[in-house]
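The next block holds one structure in the form of structure tokens; read it before the comments.
Per chain, numbering begins at 1; letters A, B, ... match sequence-line order.
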Amino acid sequence: MHDLRMVREHIDALRAGMRRRGVLDALSPTIDRAVALDKARRETIQAVEERKAARNAVSQQVGQRKRAGESADDLQQQSRLLGDEIARLDRELAQTEGELSAILLELPNITLDQVPAGGEDKNAVVRSWGAPRDGARVQPHWEIGAKLGIIDFERGAKISGSGFIVFREMGARLVRALMNLMLDVHSREHGYQETWVPVVVNRASMTGTAQLPKFEEDMYALRDEDAFLIPTAEVPLTNLYRDEIIPESELPKSFTACSPCFRREAGAAGKDTRGLLRVHEFDKVELVRYVTPESSEEQLELLTGHAEQILTQLDLPYRVVRLASGDTGFASAHTYDLETFAPGVGKWLEVSSCSNFTDFQARRANIRYKPSDGGKPRFVHTLNGSGLAFPRVIASILEHHQQEDGSVRIPAALSTYLGAERLG
RNA sequence: GGACAGGUGGCCGAGUGGUUGAAGGCACCGGUCUCGAAAACCGGCAUACCGGUGAACCCGGUAUCGAGAGUUCGAAUCUCUCCCUGUCCGCCA
């Protein structure tokens, strides 16, 4: 969410930001409307506060008269009339503010200068590690997974629906091993506080991290309560400090959690649906950091490095992609995607998305810090990234580490946790 | 799920219709005192929004005592709904 001052004083910067995302044409009337609403809001506030001041003064006189044992009927009548006007203006104000805040909640964050302008084709690989292998003789992960008896797509679909996966035997153990490896690395080596969070969250939390109101159709909602299944542990971890003020001495604050993630993928029907590439429920280890505004960009580099570390340990080739403005998520100001190569399907798979949200989420969720110099509380910057998402990592392991005989080599860092050096 | 009891400023805690934005205490900041510290004493100490020339300081106003709605000339104080916390009972992995 943007500061209302952005609308009032830096409207050109706001427009420029929307233009760089390629959404200005669609949002221009909305922005104009916001400017008008802001003006109307201030006028109404002045009108209503003027009357409230008058009523307060009259009421005080009523009190004085009554204590003196005098009648105050005339004053009471005057106050009643003011009250009617106040009620009318208050309703008007509530409507204006409601519409204005709805607009503010639907405007995406402005990307930072280092983010290339343009669409997906302007995404830029900033570095890479390892070499993608030739996939000519590599079976796709859904074939090898079925042969090894570790992934059961059919029964997942039967018990839940398409896009829900049952892992069996060593597949199930693999999930558990990945969870333990990632949580151990991030908590012990990278200093994140290990956390276990609810996967059901309320509307305020979903709004705080900006899944709502714009993306409600992508969320699984509960039927009997105004609550949702999380699409990522980012939601509970970032809302941990919603409506709180953190002492600067505690920053940066960092958290990691493993959780299931639920995504309806409403707009992605038929895209990458094969195998493990796009599923409705998956597990993921998430990283979240609360940092000072001055440090958020260097903190993004740090966090991205932490996620990369897992790919290195899994011995999977990867590349780091800086997303162009048009491809950057709604709430993010700067995003690196981590992609690992899956030779069986011949594609780079996004296994992590590391973002600097600047103060966009902090403003929505009202997360501030108290500066050590005694200054007024300021909004923190929030960051998060996957470290990593399991299904695509599993796909990549099954394909990239696949041997000629159809067995799969398990990299050393993982075999300790899995208790096996190969599958099959 | 049922029955009680509660939710007041950073914390504790007064306050049941009218100078209460809110007593008192703690914490914190500044000062006096001291070689220094502690103690004592003096003073200060909420936030947001609107306006006063779109900075700072300052001034005026409005709002905020879990949230929302209502009664009233006037609500922290009365009524209703909801949320949360505690205790006991029931149920349950």
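- Of the candidates B:rU62, B:rG74, B:rA48, the closest approach to any side-chain atom of A:Ser59 belongs to B:rG74.
- For the pair A:Phe282/A:Leu276, no side-chain contact is recorded, criterion being any heavy-atom separation below 4.5 Å from C-beta on.
- Put simply, the side chain of A:Thr256 does not reach to within 4.5 Å of the side chain of A:Gln193, judged on heavy atoms.
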- Query: Can you give the dot-bracket line for RNA chain B, where a pair is Watson-Crick or G-U wobble with both atom distances under 3.5 Å, crossing pairs use [ ], and | marks a partner on another strand?
  - Reply: ((((((((.[[[..)..(.....]]].(((((.......))))).(((((((.....))))))).[[[[[..)....]]]]])))))))....
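- Residue-level contact check: A:Val58 touches neither bases nor backbone, having no heavy atom under 4.0 Å from any strand.
- Between A:Arg41 and B:rC50 there is a side-chain polar atom (N or O) within less than 4.0 angstrom of OP1 or OP2.
- When heavy atoms are screened at a 4.0 angstrom cut-off, A:Lys370 is found touching no nucleic acid atom at all.
- Between the side chains of A:His334 and A:Arg322, a donor-acceptor pair is found at a separation under 3.5 Å.
- The A:Ala53 side chain lies nearest to B:rG61 when the options are B:rC73, B:rC50, B:rG61.
- A:Gln76 has its CD atom 14 Å from the C1' atom of B:rU71, to the nearest Å.
- The side-chain heavy atoms of A:Ile110 and A:Met6, taken from C-beta on, include a pair separated by under 4.5 Å.
- Under 4.0 angstrom from either OP1 or OP2 of B:rG74 there lies no side-chain N or O belonging to A:Lys66.
- Closest approach to the A:Arg42 side chain among B:rG61, B:rG18, B:rG51 is made by B:rG51 (side chain taken as heavy atoms from C-beta onward).
- Between A:His280 and A:Phe164, the angle of the ring planes lies from 30° to 60°, which puts this pair in the tilted group.
- Atom P of nucleotide B:rU47 and atom CZ of A:Phe379 are separated by 14 Å, given to the nearest angstrom.
- Contact between the side-chain N/O atoms of A:Asn56 and the OP1/OP2 oxygens of B:rC73 is not found at any separation under 4.0 Å.
- Here A:Asp73 lies out of heavy-atom contact (under 4.0 Å) with every strand.
- When the nearest nucleotides of RNA chain B are assigned to A:Gln60 and A:Val48 by heavy-atom distance, the more 5′-ward of the two goes with A:Gln60.
- No engagement by A:Glu9 is indicated, since no non-hydrogen atom pair under 4.0 Å with the nucleic acid exists.
- In this model, a side-chain donor or acceptor of A:Glu49 finds a partner on the base of B:rG61 within 3.5 Å.
- The side chain of A:Arg55 lies closest to B:rG74 when the candidates are B:rG51, B:rU62, B:rG74.
- With RNA chain B read from its 5' end, the first of the two nearest nucleotides for A:Ala54 and A:Arg368 is the one closest to A:Arg368.
- In this structure, the CZ atom of A:Arg65 is 16 Å from the P atom of B:rG74, given to the nearest Å.
- A:Leu75 comes within contact range of no nucleotide atom at all, as no heavy-atom separation falls under 4.0 Å.
- Cation-pi geometry between A:Arg289 and A:Tyr192 is met: the NZ or CZ atom falls under 6.0 Å from the ring centre, inside 45° of the normal.
- Out of B:rA48, B:rC73, B:rC50, the shortest distance to the side chain of A:Arg80 is found at B:rC73.
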